Amino acid sequence: MVEETGALRSFRHRNFRLLFLANAISNIGGWAQRIAQDWLVLELTGSGKELGLVTGLQFLPSLLLSMWAGALADRMNKRKLLIITNAGGGATAFILGLLVLTHHVHMWHVYVLAFALGAFGALDAPVRQAFTSEMVGKGDLANAISLNSANFNAGRLIGPGISGLLIAAFHTGPSFILNAISYLFVILSLLVIRENELFVEPGEKIKAKASEALRYVRARPDLIAVMATVFFTGTFGLNFQIYNALMAKQIFHKGPATFGFLGTILAIGSLSAALLSAKLDTKRSARFIIAFALLFGALVALLSLAPNFVIYAAGLPFCGALALTTMIAANSYVQRTSDPTIRGRVMGIYLMVFMGGTPFVSPLIGWVTEQLGVRQSIALCGGITALSALVIYGLLHDHLATPQSVKTEDVLESFYEKS
C-alpha cells in the first residue's frame with residue numbers, strides 16, 4: 001500500500017489501477033497508429049498539405065462534439081459510454097489496417113476513417129476526464145491526472161518506436177491492427193470496474209444546458225485565461241505529428257524508423273514532466289500555466305533553426321517537458337476549480353477549445369510549409385504560441401489568482417445579476 005502523500009497514491013484505488021494498466025496498452029497502440037497514419041499519408045501523396053488535412057479531419061469532431069459529450073458525461077453512466085467509444089475507435093483502426101494489408105487503401109479511406117476515429121475520440125475525452133474524479137475522488141484528482149499524463153507519454157515513448165520498426169519491416173498495416181487490439185484491453189477493464197467503489201459526489205445535479213456551462217466559464221476570467229492559453233498552445237504549438245514527419249522526411253531525408261524515433265525522443269521530456277507533476281502535484285496557478293506556454297512557444301521557434309538532425313532530436317525532450325507541464329497544470333486547474341455538478345460540461349468546453357483550432361490550422365500549416373518552407377512554418381507557429389501567452393497575461397493578469405472550487409449556483413447567479 002502506497003502512502004497517501006506519495007506520487008503513486010492514486011493506485012490505492014482498484015478501479016484506477018485496472019483502467020490505468022489497460023490504458024497503458026491502449027496508449028502504445030494509439031501512438032503506433034499516429035505514426036503509421038502520418039507515414040501512410042506521406043507514402044500515398046508525399047504532400048505536407050495532405051498530411052495537415054488528415055490531421056485537421058481527425059480533430060474536427062472535437063470542435064463539433066466535445067460540448068455535447070461533456071453534457072453526456074454529466075447525465076449518463078460514464079463507464080458504459082466509454083465502452084461504446086472504445087469499441088468504435090477499435091473498429092476504425094481495424095478497418096484501416098485491413099485496407100492497408102489487402103492493398104485496397106486510398107486517400108479517401110484515410111480521410112473518412114481519420115474523421116471517424118476523431119469522432120469517437122471527441123466523445124471519449126470529456127467522459128474519460130470526468131470519470132477520473134469518480135475513480136479516485138477529489139483528494140487524489142490532481143495526482144491521477146498527472147499519472148494519466150505519464151501513462152499517455154509512456155505510450156508515446158514506446159509506441160512510435162514500435163510503429164517505426166513495424167513500418168520498416170511490414171509497412172503500415174500491422175500498426176493499425178495493433179491499435180485495434182489494444183482497445184480490447186480498455187473495454188475489458190471497464191467491464192470489471194466496481195461501480196459501488198466510484199466516488200460519485202452527492203447532491204442534485206443542475207440540469208444546465210451547454211449554454212449555461214458557457215456562462216459559467218464566462219463568469220470565471222481565470223478559466224478564460226487558461227483556456228485561451230491552451231487554445232493557442234494546442235493549435236499552433238502542439239503539431240509535432242506534422243513537424244516531425246516533415247523534418248524527418250523533407251529536411252533531414254530520414255526513413256520511417258527515424259521518424260518513429262523522434263516521437264520516442266519527444267516523449268522522454270513529456271514523460272519526465274508528467275512524473276514530476278505526479279510527485280509534486282501542488283496547486284498550479286493560471287500564471288504558472290501562461291509562463292510555461294510562453295517558454296514552450298519560444299523553444300519551438302528556436303528548434304526550427306536546428307542545423308542538423310542530432311540537434312533537432314536533442315531539443316525535442318525539452319519541448320515535450322514544457323508542453324506537458326503546461327497541459328497537465330491546465331487540465332488539473334480546470335477540473336479542480338470547477339463545480340462537480342457541471343465539471344463534465346466544463347471539460348467538454350476545455351477539450352473543444354484545446355482541439356477546436358486544429359481542424360482549421362493543421363491544413364493551413366501543411367499549406368504554409370509548401371509556400372514558405374518547413375522551418376519557417378515551425379518558427380511561425382512557435383512565435384504565435386509565445387506571443388499569445390504574453391497578450392493573454394497582459395489582458396487578464398488582474399484575474400489570475402488561484403481560486404478555490406466555485407459553486408455553479410453562485411457563479412450563474414452572479415452572472416445573471418450582472419446581465
Side-chain angles (χ1 to χ4, degrees), residues 1-31 78-79 82 86 124-125 127-159 161-162 182-183 185-201 264 266-285 288-289 292 317 320-338 340 343 347 402 405:
M1 183 70 69
V2 294
E3 294 290 331
E4 291 194 1
T5 56
L8 305 178
R9 64 181 179 274
S10 293
F11 289 135
R12 295 182 295 122
H13 308 284
R14 173 188 175 274
N15 288 335
F16 181 81
R17 290 197 306 272
L18 286 173
L19 193 56
F20 184 92
L21 292 172
N23 281 333
I25 299 170
S26 182
N27 287 331
I28 292 171
W31 279 109
K78 299 177 183 61
R79 183 181 67 87
L82 290 173
N86 279 275
D124 180 273
V127 181
R128 184 182 300 273
Q129 298 278 0
F131 193 50
T132 299
S133 64
E134 291 191 1
M135 285 191 294
V136 301
K138 185 176 180 180
D140 289 333
L141 178 59
N143 178 255
I145 291 171
S146 295
L147 289 173
N148 282 337
S149 296
N151 192 342
F152 179 76
N153 285 285
R156 175 185 274 178
L157 194 66
I158 301 169
I162 291 176
S182 74
Y183 278 101
F185 290 88
V186 179
I187 294 171
L188 288 173
S189 71
L190 289 166
L191 289 172
V192 298
I193 274 179
R194 296 172 183 167
E195 292 197 330
N196 64 332
E197 295 181 10
L198 296 176
F199 293 80
V200 181
E201 300 191 39
T264 298
L266 178 67
I268 292 174
S270 302
L271 179 60
S272 300
L275 292 172
L276 184 61
S277 294
K279 187 174 182 61
L280 304 174
D281 57 347
T282 54
K283 292 184 178 180
R284 305 300 193 194
S285 68
F288 175 92
I289 295 163
F292 269 76
L322 289 172
L324 255 291
T325 299
T326 304
M327 292 306 167
I328 291 172
N331 188 313
S332 177
Y333 183 92
V334 173
Q335 288 206 55
R336 193 184 63 248
T337 65
S338 296
R343 183 179 291 141
M347 290 309 299
T402 305
S405 183

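On a predicted model such as this, the values are computed, not experimentally measured, just so you know.
- Asn27 and Asn151 form a side-chain donor-acceptor contact under 3.5 Å, judged by distance and modelled atom types alone.
- Closest non-hydrogen pair, Ser189 versus Leu19, comes out as OG-CD1, 3.2 Å.
- Here the straight-line distance linking atom OG of Ser26 with atom CG of Leu21 works out to 12.5 Å at 0.5 Å rounding.
- Here the CG atom belonging to Leu322 is positioned 11.5 Å from the CE atom belonging to Met327, to the nearest 0.5 angstrom.
- When all heavy atoms of Val334 and Ser338 are compared, the pair lying nearest together is O-OG, 2.6 Å.
- Distance check: Leu147 CG to Arg9 CZ gives 8.5 Å after rounding to the nearest 0.5 Å.
- Donor-acceptor pairing under 3.5 Å is lacking for the side chains of Asn148 and Arg128.
- Using a distance-only test at 3.5 Å, with no hydrogens or angles considered, a donor-acceptor pair links the side chain of Trp31 to the main chain of Phe152.
- With rounding to the nearest 0.5 Å, the separation of CG in Leu82 from CD1 in Ile187 is 10.5 Å.
- The distance from atom CD1 of Ile28 to atom CD1 of Ile158, rounded to the nearest 0.5 Å, is 4.0 Å.
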**Request:** Go through the steps to decide whether Ile193 and Phe131 satisfy the test side chain to side chain contact (heavy atoms under 4.5 Å, CB included), and finish with yes or no.
**Result:** CA-CA 12 Å; Ile193 274 179; Phe131 193 50; 3.9 Å; yes
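- The shortest heavy-atom contact between Leu141 and Thr132 is CD1-CG2, 4.0 Å.
- In this structure, Tyr183 OH and Asp124 CG are separated by 8.0 Å, a value rounded to the nearest 0.5 Å.
- Ring-plane geometry between Phe11 and Phe16 is classed as tilted, the angle between the planes lying from 30 to 60 degrees on a 0 to 90 degree scale.
- Of the residues listed (Glu134, Glu195, Met135), the one engaging Asn15 in a side-chain contact (heavy atoms from CB on, under 4.5 Å) is Met135, and it is the only one.
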**Prompt:** Between Val136 and Asn143, is a side chain to side chain contact (heavy atoms under 4.5 Å, CB included) present by the stated rule, with each step listed?
**Reply:** CA-CA 9 Å; Val136 301; Asn143 178 255; over 6 Å; no
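- For Asp140 and Ser10, the side-chain atoms include no donor-acceptor pair closer than 3.5 Å.
- At a threshold of 4.5 Å between non-hydrogen side-chain atoms, the residues Glu197 and His13 do not count as touching.
- The heavy-atom pair separating Ile145 from Ser332 by the smallest distance is CD1-CA, 3.7 Å.
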